[in-house]
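So the structure is just underneath, and the comments pick up after that.
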Amino acid sequence: MFADYRLSADGRRRLSETVTFAILVSIGVVSGITTVLFGFGGGFVTVPVIVWADAAAGPDAMRIAVATSAVVVFASSAIATVSTRRDILSGLRGGGALLLLLGVGGALGGVAARCAPAVVGQWGFVIYLGGTLVDAVRRPGFLRPVGECAEPRRIPAAYGIPIGTVAAFLGVGGSVLTVPLMRRAGHSMESATALANPMTLAITAFAVVPLIASVDVTAAAALLLGATPVVVIVRRCRLTMPDRVHAVTYLGLIATVTVAMTLAALS
């Protein structure tokens, strides 16, 4: 007689979970690279992936994705911030009020993400990324910088609450808002993406509190398993790229994630 190699329902489930975990670790590696090179603390990359991984949760998948993203973003941004050169971090000197208000906004956005219908966050994510992409391409200051300033301008502290609220509500971490702002304030892409990490850290430190109950612990662990060593290695290697290439690649990633999330929202 031939042995029956068909997997039981429980075996298929375990195999599916193992494959999903491996995919999430791989995405964590990508998230770690983008954290260092583009300032995306991971939310930008991880939200679409977690929506896919937790699709069985139905309408709650987006809420789980935002909550899990907040944890991953917090950890990745903390590591990236600690390993950032002091001369670059000095660009935030005197920005204590901004960081505090980013935290306040993060808490507000976290509460909103927990309470609002999931579809609002999902389409809000798509609309915001699409708007950012169009704005960066059409308006001078991102792809076509007016000119890098010897002393870049600071982001006004008053922007902290709206930036933190939107970033936490959508699960994008903050860099999708702060990098274009800093770019137009005269920062190079290297500086803007590096400084996005401590600002993202301020947002997620407070945003994660109201969202903690919705976190997919297994997904967060898999993503951080992939991201953490990569953040450390890439920071130590001090990888750089030409400013224009850096900016174009940043927008290319935004376009890719926008398409992915649009397809997920329509499915």
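No experiment lies behind these values; they were computed from the predicted model shown.
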TODO: Scan for ring pair (Phe, Tyr, Trp, His ring centres under 6.0 Å) pairs involving residues 199-222, sequence neighbours excluded, and state none if there are none.
DONE: none
Open item on the list: Once rounded to the nearest 0.5 Å, what's the spacing between atom CD1 of I163 and atom CE of M199?
Closed with: 7.5 Å
Open item on the list: Which residues pass the side-chain contact (heavy atoms from CB on, under 4.5 Å) test with L225, not counting sequence neighbours?
Closed with: F21, V25
Open item on the list: List the residues meeting side-chain contact (heavy atoms from CB on, under 4.5 Å) with T165, not counting sequence neighbours, and say none if there are none.
Closed with: L108, I161
Open item on the list: Using only atom types and a distance under 3.5 Å, with no angle test, would you say the side chain of R114 pairs donor to acceptor with the backbone of L211?
Closed with: no
- [ ] Give, for atom OG1 of T178 and atom CD1 of I203, the distance between the pair rounded to the nearest 0.5 Å.
- [x] 7.0 Å
Open item on the list: The criterion is side-chain contact (heavy atoms from CB on, under 4.5 Å); which residues satisfy it with T228, sequence neighbours excluded?
Closed with: I79, L224
TODO: Could you tell me which non-hydrogen atom of L177 sits nearest to which non-hydrogen atom of A167, and how far apart they are?
DONE: CD1-CB, 4.2 Å
TODO: Any pair with a residue in residues 56-84 that passes salt bridge (charged side-chain N to carboxylate O under 4.0 Å, His left out), sequence neighbours left out, goes on the list, sorted by first then second residue, please.
DONE: D60-R63
Open item on the list: On a heavy-atom basis, which atom in P162 and which in A158 lie closest, and how many Å separate them?
Closed with: CD-O, 3.4 Å
Open item on the list: Working to the nearest 0.5 angstrom, can you tell me the gap between M62 CE and S69 OG?
Closed with: 8.5 Å
Open item on the list: Strictly by salt bridge (charged side-chain N to carboxylate O under 4.0 Å, His left out), give each pair with a member in residues 184-202 just once, sequence neighbours left out.
Closed with: R85-E190, D135-R184
Open item on the list: What I'd like to find out is whether the side chain of L170 reaches to under 4.5 Å of the side chain of Y128, using heavy atoms alone.
Closed with: yes
TODO: Indicate if L133 and V245 have the same hydrophobic cluster label, given that clusters are the connected sets of ILVMFWY residues with side-chain heavy-atom separations under 4.5 angstrom.
DONE: yes
Open item on the list: Main chain of V215, side chain of T68: is a donor-acceptor contact present, judged purely on distance under 3.5 Å?
Closed with: no
Task: All side-chain hydrogen bond (donor to acceptor under 3.5 Å, both in side chains) counterparts of S191, not counting sequence neighbours - done: H187
Open item on the list: Holding to side-chain contact (heavy atoms from CB on, under 4.5 Å), I want the full list of residues that pass it with P210, two or more places apart in sequence or in another chain.
Closed with: V111
Open item on the list: With rounding to the nearest 0.5 angstrom, report the CG to CD1 distance, L223 to I23.
Closed with: 11.5 Å
Open item on the list: Between S26 and V30, is there a side-chain heavy-atom distance shorter than 4.5 Å?
Closed with: no
Open item on the list: Grouping I, L, V, M, F, W and Y whenever their side-chain heavy atoms are under 4.5 Å apart, do L100 and L195 come out in a common cluster?
Closed with: no
Task: Side-chain (T258) to main-chain (I254) donor-acceptor, under 3.5 angstrom - done: yes
TODO: Looking only at non-hydrogen atoms, find the nearest pair between R183 and A247 and report the distance.
DONE: NH2-CB, 4.0 Å
- [ ] Grab the two heavy atoms, one from V230 and one from G32, that are nearest each other, plus how far apart they are.
- [x] CG1-C, 3.9 Å
- [ ] Evaluate the side-chain proximity of V49 to L24: yes if any heavy-atom separation is below 4.5 Å, no if none is.
- [x] yes
Task: Single-linkage hydrophobic cluster V259~L251, side-chain heavy atoms < 4.5 angstrom - done: no
- [ ] Grab the two heavy atoms, one from L102 and one from A202, that are nearest each other, plus how far apart they are.
- [x] CB-CB, 4.3 Å
Task: Between OG1 on residue T132 and CZ on residue F142, distance to nearest 0.5 Å - done: 9.5 Å
Task: Student check: side-chain heavy atoms of F169 and V120 closer than 4.5 Å - done: yes
Open item on the list: Please give me the minimum heavy-atom distance between A113 and A168, naming the atom from each residue.
Closed with: CB-O, 4.2 Å
Open item on the list: I'd like to know if V137 and V126 are part of one continuous hydrophobic network [Ile/Leu/Val/Met/Phe/Trp/Tyr, side-chain heavy atoms within less than 4.5 Å].
Closed with: yes
Task: I233: hydrophobic cluster co-members (side-chain, 4.5 Å) - done: none
Task: Cluster link L129 to V248, ILVMFWY, side chain under 4.5 Å - done: yes
Open item on the list: Please report the interatomic distance CG(D54) to OG1(T20), rounded to the nearest 0.5 Å.
Closed with: 9.5 Å
